[in-house]
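In what follows, a single structure is set out as structure tokens and then discussed.
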Amino acid sequence: MPSRRSFLKGGLTTAALSSFLPRSSTATAAEPAAPSSTGELTCFAFDDHSIPWRDNLKLTLVPAAKHPANPVVRCGPEGAPDFGHAIIYGSVLHIGGKFRMWYLGMTQRKMERGQAPGWWRPMCYAESDDGIHWTKPDLGLVEFNGSTKNNICLIESDPYSLSRIDDFFSVIHDPEDPDPARRYKVAYIAHVPFEEVRGGRSKIGPNEKRWCSFVCATSADGWRWKVVGDRPANAGGERFEVSGLYRFNGTYHATGQLLSPWTSLPDGRDCGRVMLAYQSPDFEHWSNAKSLAFARPGQLLAEPIKGQQTHMGAGLWNRGNVMLGLYGQWQDGPAEKPKGSTHLWGTRIDLGFIMSNDGVHFREPVQDFKMIARGGDGAWDNICLLQGHAFVNVGEQTYIWYSHWDCEGEFRSQEIGLATLRRDGFGYLSPRVKDAPAQCATKILRAPHGAQLFVNIDGISADAPLVIELLDTNQQPLPDFSGAKAAHITASGLRQSTWAQPLPASFAARVTFPATGEPRLYALYAGPASV
């Protein structure tokens, strides 16, 4: 029998090659898609659920490039609410042509019993016209050091302790909410005295003096917030270190971390930090049950890799039909530590890349890939990296903001940096064996009404075009979108057009790569002509 390479060299026709793409037993039913707020459905190259059928292709993930101006958001002067640190335990949103950042400040450069002084790190606000140069406006809402001239957001609650953010938070913009006072939503961690946690306390784990509480609040403008309800979302249940918030397929989800004794692996074994998810239909009533959303591969082995953990869930980007995110690739420091050092001395964290098609179960397209690696010796971000919910497509680039954490307690350069990619350029498909046929096909999709198909592609030319055809639910070519009417992409671009006419209600896209050149497919988009 000839080798695979010689077989491919024989130059199979498109029709012959398509016979090697398996047919799904459920291919007759189009899967519903939830497009993004722009009305667009995206099939990324790294998404093997949306693009499951592949022949002679390989996936290459692309690390983000750090901006030369880093860190782009610095700590404030002594006496400022972000003098201790300014970290993106928060979110960046692009609304009305302006970048809006909610970040976590710290008033002093010291810790008390391992926590911020007064169990409080203020929600601070900054804004920018370009995502690189930031200002910190005086909001005039919260008195701090005898003045309201600061950038602290106001959070109101009863009891007062629920308003005191002490750790990670996530802000989302929810313009479809009919109540203007709920157009912005936030979930955050507050360490609340047990006597103020109504509804009981956890029966799992040690008897702590403070409850690590999951608190929700809403706002009309993103600056003035009111806590939802008079108790934590996890009152009467288990403690939870919430770090993420998003609305996916009509349901609110909150993700975060726990470790044993408060949680365990599916088989009941103890574990270090893993990512969990809760759900809510209305942002006020949250599930008692939770899902194990993600754990690093080394955590799930029969003999787990010692010290490997998933730090603070993930910083997430909701793309409508798919969730993307960065998570902390935590690795414990050495067992032997210098005298007088903190218990986290030597811990190191890079940022890995995960995704989800259902908003609950997350996976790595390439296990343990570092999307943003910590810097080398002497770099400002050389110890531990922190992820935020901070992704924006800006022109031809994707912007990602992240932070540095000095877990060794010396408060070294705990500020916010920027990393960039080609727009949606997290990874691409390319031929594994060169000069041979290569092809992929999506699952059956249901695109938004009136949508057109676009492709994010590089390495294409008129002499080596990319060919795209559409198939029906029985995997047969659609006459108006195949054969002589197939789309031939002859130039590279971030959003290359295919057909001028709208897409059919249900279809699969089949992409045939040229046998020459260096084609790299990043994504397919089914959406409006302009985004």
Where is the tightest heavy-atom contact between [X] and [Y], given as atom of each residue plus distance?
| X | Y | value |
| --- | --- | --- |
| Arg348 | Cys384 | CA-SG, 3.8 Å |
| Val62 | Met371 | O-SD, 3.0 Å |
| Ile87 | Tyr103 | O-CB, 3.4 Å |
| Tyr525 | Leu494 | CE1-O, 3.8 Å |
| Asp480 | Gln501 | O-NE2, 3.6 Å |
| Arg374 | Lys66 | C-NZ, 3.6 Å |

Requested in this report: Test the Arg422-Tyr522 pair against the cation-pi criterion, namely NZ or CZ under 6.0 angstrom from the six-membered ring centroid and within 45° of the ring axis.
Outcome: yes

Report task. Output, in order, the C-alpha distance, side-chain angles, deciding distance and verdict of side chain to side chain contact (heavy atoms under 4.5 Å, CB included) for Leu276 and Leu292. Result -> CA-CA 5 Å; Leu276 306 175; Leu292 175 59; 4.0 Å; yes

Close side-chain approach of [X] to [Y], heavy-atom, < 4.5 Å:
| X | Y | answer |
| --- | --- | --- |
| Lys98 | Asp129 | yes |
| Asp48 | Arg54 | yes |
| Met312 | Tyr89 | yes |
| Ser213 | Asn234 | yes |
| Val366 | Phe46 | no |
| Val215 | Phe169 | no |
| Val186 | Trp102 | no |
| Tyr402 | Leu351 | yes |

When you measure from the side chain of [X] to the backbone N and O of [Y], does any donor-acceptor pair fall under 3.5 Å?
| X | Y | result |
| --- | --- | --- |
| Ser430 | Arg520 | no |
| Ser170 | Ser243 | no |
| Thr442 | Ala509 | yes |
| Ser260 | Cys271 | yes |

Query raised in the report: Just wondering, are more than 12 heavy atoms of other shown residues or ligands nearer than 6.0 Å to CG in Asp282?
Result: yes

Interatomic spacing from [atom1] in [X] to [atom2] in [Y] - rounded to 0.5 Å:
| X | Y | atom1 | atom2 | answer |
| --- | --- | --- | --- | --- |
| Glu176 | Arg183 | CD | CZ | 10.0 Å |
| Ile51 | Leu521 | CD1 | CG | 6.0 Å |
| Thr490 | Gln496 | OG1 | CD | 7.5 Å |
| Cys440 | Trp53 | SG | CH2 | 12.5 Å |

Report task. Sort out for me which residue in Tyr278, Phe168, Trp286 forms a ring-ring contact (aromatic ring centres under 6.0 Å, His included) with Phe240. Result -> Tyr278

**Report entry** Pair Arg100-Val171, side chain to side chain contact (heavy atoms under 4.5 Å, CB included): steps then yes or no
**Finding:** CA-CA 10 Å; Arg100 306 186 66 187; Val171 172; over 6 Å; no

Charged N-O contact under 4.0 Å between [X] and [Y]:
| X | Y | result |
| --- | --- | --- |
| Glu241 | Arg273 | no |
| Glu40 | Arg319 | no |
| Asp47 | Arg363 | yes |

I'd like to check the side-chain hydrogen bond (donor to acceptor under 3.5 Å, both in side chains) partners of [X]; sequence neighbours left out, ordered by chain and number.
| X | value |
| --- | --- |
| Gln299 | Thr310 |
| Ser219 | Asp221 |
| Asn70 | none |
| Lys58 | none |

Requested in this report: Taking atom types as modelled, find out whether Thr251 and Asn249 have a side-chain donor-acceptor pair closer than 3.5 angstrom.
Outcome: no

Query raised in the report: Hey, would you say the Tyr252 and Phe283 ring centroids sit under 6.0 Å apart?
Result: yes

Report task. Verify side chain to side chain donor-acceptor pair (under 3.5 Å) between Asp332 and Thr347, making sure each step is shown before the conclusion. Result -> CA-CA 5 Å; Asp332 280 353; Thr347 297; 4.8 Å; no

Query raised in the report: Knowing that exactly one of Leu453, Thr498, Leu470 qualifies, which makes a side-chain contact (heavy atoms from CB on, under 4.5 Å) with Phe481?
Result: Leu470

Report task. For Gln367, check side chain to side chain contact (heavy atoms under 4.5 Å, CB included) against everything at least two apart and list the hits. Result -> Pro297, Glu364

Report task. For the residue pair His253 and Phe248, categorise the inter-ring angle as parallel (less than 30°), tilted (30 to 60°) or perpendicular (more than 60°). Result -> perpendicular

Requested in this report: Applying side chain to side chain contact (heavy atoms under 4.5 Å, CB included), run through Val322 and Ser50 and close with a yes or a no.
Outcome: CA-CA 9 Å; Val322 63; Ser50 293; 6.0 Å; no

Query raised in the report: So which pairs with a foot in residues 292-305 pass salt bridge (Lys or Arg N to Asp or Glu O under 4.0 Å), sequence neighbours left out?
Result: Arg296-Asp368

Report task. In sequence, state the C-alpha distance, the side-chain angles, and the governing distance for Leu386 and His311, and then conclude on side chain to side chain contact (heavy atoms under 4.5 Å, CB included). Result -> CA-CA 9 Å; Leu386 303 175; His311 184 234; 3.6 Å; yes

